[in-house]
Protein chains: 2
Amino acid sequence: MGEAAAGERRQRTDKQRNRTHILEVAEQFFTEQGITGSLDAIAKRAGVGPGTLYRHFPNREALLAALLQARDEELEARRVAIQREVTDSRAALTQWLQAMGEWVSAFDGLPDPLRAALTEGTSPLALTCQGFVTTTEDFLRAAQRDGYANPGVRGRDLFLSTLATAWARGAAMADESSPDALVSLMRTGWETPSSDEGPSAPQARVN
Amino acid sequence: MGEAAAGERRQRTDKQRNRTHILEVAEQFFTEQGITGSLDAIAKRAGVGPGTLYRHFPNREALLAALLQARDEELEARRVAIQREVTDSRAALTQWLQAMGEWVSAFDGLPDPLRAALTEGTSPLALTCQGFVTTTEDFLRAAQRDGYANPGVRGRDLFLSTLATAWARGAAMADESSPDALVSLMRTGWETPSSDEGPSAPQARVN
DNA sequence: GGCAACATGGAGAGAGTCTCCGTATTGCCA
DNA sequence: TGGCAATACGGAGACTCTCTCCATGTTGCC
């Protein structure tokens, strides 16, 4: 199962070259047009046949996963930096959520396959999503321990909220003035904190 | 510009019959498979040619808009009921948000065209969206006046959040246990209300 | 009943995804 | 360096979906 078993031919250089070039072209293409553009168009722009593209990346999600791997490592580095340098657990959680929000906004339309990967599990993006949930849970637990975050909230919920916020921003949202309104809504909610009822009842239904 | 100008033939009965039947079939189809299913398949199931379907509804959004019109009236009725019967402005806002959340979850995938309609304006769904924003603003203003809702929040933000929450629920989300976790997150946020800094500073960046 | 206006349906153009296999390129060994 | 087996390539083409066009069929009106 290793990737360099003895006695095997080494990978052909044209294959590696094509793979790299396709990734470069796809990165630019997705940045320009969002992740729903035609894969055949990417192949054409890369100067290869459709068959070559599909042999390297059997579907759009696989291509996306390969593309995101580099960025994944950047985010991992950012996570380590936050955990080392930010001692306030609330600020750490905030910064992590922002970093994750930027990551999932790398390409227009990216939140959709990520949400699908979160629930289906059969996607090459599933592992990445699971890692995000776990890391978010780490930051969240620390913030909850220090009393900065509500105890009922789960890491998965925060990740989903981050995805949903990025989704809502969408493509042509730039002209409108709700860039981080949803982020702060997710942080503080719409309801005013001072309740007239029980002092700290978690959430009674108002119906 | 009227729809019954004098001297014009009245609409053919087969046309009206086809239109109604297509709508019935589409309603069931979208309920089963979500809004991304093939329109030609709907035509076939309805026993008409593709041309007939596209003449009645030039694209998917037009079909969707016609389909949602009936439900739109239901929601309008619910709005009136809430405004009459619920005197507490916080409960009224909560109930309206829930009603709207159910409405935008009528079909799987519905939040996507609604968000698009919110920003593009050229969609037949745009008017509906605008109405929702306005109504949400009415309820929100009352809640803000009574001190139940944060003053910085806007109706548009709440509608977008409702859309985003419905989007996050998605299709295969039923097996997971975050049905209304996002709803309560949107209501109260993840942060604990008691701040150790200024008593009521709206939102200082923690970076 | 007959005609003009109207609506129908299905063939088909165009775009996109993905597969298959004959051909070209590469790595290895002598 | 030459030759061969393994490997990768390209692009034709099958399939699906959206949407259009116009010959044909149906309807409303007089």
Side-chain angles (χ1 to χ4, degrees), chain A residues 3-26 29-30 32-67 108-109 112-113 116 122-124, chain B residues 3-26 29-30 32-67 108-109 112-113 116 122-124:
Chain A
E3 61 186 17
E8 287 183 359
R9 285 195 172 203
R10 76 164 182 266
Q11 182 170 264
R12 281 171 54 163
T13 57
D14 55 341
K15 180 175 186 178
Q16 183 56 44
R17 183 160 31 94
N18 273 330
R19 186 187 145 92
T20 304
H21 189 217
I22 289 173
L23 283 177
E24 290 170 358
V25 168
F29 196 90
F30 283 161
E32 291 170 0
Q33 320 202 6
I35 63 159
T36 55
S38 156
L39 295 189
D40 277 27
I42 293 178
K44 184 173 291 185
R45 200 194 268 192
V48 301
T52 299
L53 188 149
Y54 283 98
R55 202 172 321 104
H56 282 283
F57 311 102
N59 51 47
R60 180 176 260 103
E61 282 197 343
L63 177 57
L64 223 37
L67 221 42
D108 183 40
D112 291 272
T122 63
S123 159
Chain B
E3 60 185 19
E8 286 182 359
R9 285 195 173 201
R10 76 161 180 268
Q11 183 169 260
R12 282 171 54 163
T13 57
D14 54 344
K15 179 175 187 178
Q16 183 57 43
R17 184 160 29 93
N18 273 331
R19 186 188 145 92
T20 305
H21 189 220
I22 289 173
L23 282 178
E24 291 170 358
V25 169
F29 195 90
F30 284 160
E32 291 170 1
Q33 320 200 6
I35 63 159
T36 56
S38 156
L39 294 190
D40 276 26
I42 292 177
K44 184 173 291 183
R45 199 194 269 192
V48 301
T52 300
L53 188 148
Y54 283 98
R55 202 174 322 103
H56 281 283
F57 311 102
N59 51 47
R60 179 176 262 105
E61 283 196 341
L63 176 57
L64 222 36
L67 221 41
D108 182 39
D112 292 270
T122 64
S123 161

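Not measured: the values here are computed from a predicted model. Below, read A as the first sequence line, B as the second, and so on, with proteins coming before strands; counting in each chain starts at 1.
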- Task: Please test A:Q16 against A:T20 for side chain to side chain donor-acceptor pair (under 3.5 Å), starting from the C-alpha separation and ending with a verdict.
- Result: CA-CA 6 Å; A:Q16 183 56 44; A:T20 304; 3.3 Å; yes

- D:dC9 P sits how many Å from A:F57 CZ, rounded? 11 Å

- Task: Could you state the atom-to-atom distance from CG of B:L63 to P of D:dC19 in whole Å?
- Result: 11 Å

- Note on the structure: Heavy-atom nearest pair, A:F29 first then A:G37, reads CE2-CA, 3.8 Å

- Task: Taking all non-hydrogen atoms of both residues into account, name the closest pair between B:I35 and B:F30 and its distance.
- Result: CA-CD2, 3.6 Å

- Examine D:dT18: is either OP1 or OP2 under 4.0 Å from a nitrogen or oxygen in the side chain of B:S38? Give yes or no. yes

- Query: Using a cut-off of 4.0 Å on non-hydrogen atoms, how would the nucleic acid contact of B:R55 be classed: base, sugar-phosphate, or nothing?
  - Reply: base

- Upstream residue (5' side of DNA chain C) when A:R60 and B:R12 are each assigned their closest nucleotide: B:R12

- Check the distance between D:dG10's P and A:K44's NZ and give it to me in whole angstrom. 14 Å

- Hey, which of these two, B:Q11 or B:L39, hits DNA chain D nearer its 5' end, going by closest nucleotide? B:L39

- Message: Does D:dT18 have OP1 or OP2 under 4.0 Å away from a side-chain N or O of B:N59?
- Response: no

- Item | Value in whole Å for how far the P atom of D:dT27 lies from CD of B:Q16 | 14 Å

- Just do the side-chain contact (heavy atoms from CB on, under 4.5 Å) check on A:T36 and A:D112 with the steps written out, would you? CA-CA 11 Å; A:T36 55; A:D112 291 272; over 6 Å; no

- Please determine if a side-chain N or O atom of A:R9 lies less than 4.0 Å away from the OP1 or OP2 oxygen of D:dT7. no

- In whole angstroms, the gap separating P of D:dC17 from OH of B:Y54 amounts to 10 Å

- Is any side-chain heavy atom of A:D40 less than 4.5 Å from a side-chain heavy atom of A:Y54? yes

- First and last nucleotide of DNA chain C touching chain B, 5' to 3', heavy-atom cut-off 4.0 Å? C:dA4 to C:dG10

- Query: Given D:dC9, is OP1 or OP2 found less than 4.0 Å from the side-chain N or O atoms of A:H56?
  - Reply: yes

- Query: Whole-Å distance between D:dT20 P and B:L53 CG?
  - Reply: 12 Å

- If only side-chain N and O atoms of A:T52 are considered, is one of them under 4.0 Å from the OP1 or OP2 phosphate oxygen of D:dA8? no

- Separation of D:dC19 P from B:I22 CD1 (nearest whole Å): 15 Å

- Please lay out, stage by stage, how B:L23 and B:L63 fare under the test side-chain contact (heavy atoms from CB on, under 4.5 Å). CA-CA 8 Å; B:L23 282 178; B:L63 176 57; 3.8 Å; yes

- B:D40 near the nucleic acid: base, sugar-phosphate alone, or nothing, with a heavy-atom cut-off under 4.0 Å? base

- Message: side-chain contact (heavy atoms from CB on, under 4.5 Å), that's the test. Do A:F57 and A:L39 meet it? Break it down for me.
- Response: CA-CA 10 Å; A:F57 311 102; A:L39 295 189; over 6 Å; no

- Task: Nearest whole angstrom, please: distance from the C1' of D:dC30 to the CZ of B:R10.
- Result: 14 Å

